[in-house]
Chemist: 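Shown below is the structure under consideration.
These numbers come from a predicted model, not from an experiment.
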Amino acid sequence: MGNKYGLTPLNNRVVITPIDVNVTDSGIILQDSSKVQYGKGEVVAVAKTISDVKVGDIIYFNRHSAGDFEHQGIKLKILNLVDILGVEN
């Protein structure tokens with residue numbers, strides 16, 4: 001699918017840019033981030049077989065299942081569709 005990174009994940013995978021859930025909107029850093037079991041991110045690319053999420057969606061995911069990589073100097077994560085816990089409305 002078209003996206004600004006020129007990436008198309010294969011199979012049932014999604015690429016996201018992570019959003020730090022340990023920092024509040026006002027910039028306060030929350031302690032004990034090791035207890036947070038989920039991550040939050042913006043979807044930047046989806047496999048052609050996926051219709052449940054789309055580019056631009058904000059999702060919550062199992063943070064221990066995501067793989068980290070860097071593309072064009074940007075830190076990204078890739079995860080399987082089954083590791084997405086929910087989509088913000």
Chemist: Testing D57, V46, V55 one by one against V14 for a side-chain contact (heavy atoms from CB on, under 4.5 Å), which residue passes?
Modeler: V46
Chemist: Counting only N and O atoms by type, is there a donor-acceptor contact under 3.5 Å from the side chain of H71 to the main-chain atoms of Y5?
Modeler: yes
Chemist: Say you draw a straight line from CZ of R13 to CG of N80; how long is it, rounded to the nearest 0.5 Å?
Modeler: 5.0 Å
Chemist: Is the closest side-chain heavy-atom distance between L7 and V44 below 4.5 Å?
Modeler: no
Chemist: Find the distance between CG (N62) and CD1 (I84) and round it off to the nearest 0.5 Å.
Modeler: 11.5 Å
Chemist: Nearest heavy-atom pair of I58 and E42: which atoms, and what distance?
Modeler: CD1-CB, 3.8 Å
Chemist: Kindly indicate whether the side chain of L79, heavy atoms from C-beta on, has any atom under 4.5 Å from the side chain of I16.
Modeler: yes
Chemist: Of all heavy-atom pairs between F61 and L85, which one has the smallest distance, and what is that distance?
Modeler: C-CD1, 3.8 Å
Chemist: So, for P18 and L76, which heavy atoms are closest and what is the spacing to 0.1 Å?
Modeler: CD-CA, 4.4 Å
Chemist: For D68, give me all partners under side chain to side chain donor-acceptor pair (under 3.5 Å), at least two apart in sequence or on another chain.
Modeler: K77
Chemist: Please tell me whether N12 and T49 have a donor and an acceptor in their side chains that are separated by less than 3.5 angstrom.
Modeler: yes
Chemist: Which pairs, with at least one residue in residues 80-89 and sequence neighbours excluded, count as a salt bridge (charged side-chain N to carboxylate O under 4.0 Å, His left out)?
Modeler: K40-E88
Chemist: How would you list, by chain and number, every residue that makes a side chain to side chain donor-acceptor pair (under 3.5 Å) with D52, sequence neighbours excluded?
Modeler: none
Chemist: Between Y60 and V87, is any pair of side-chain heavy atoms under 4.5 Å apart?
Modeler: no
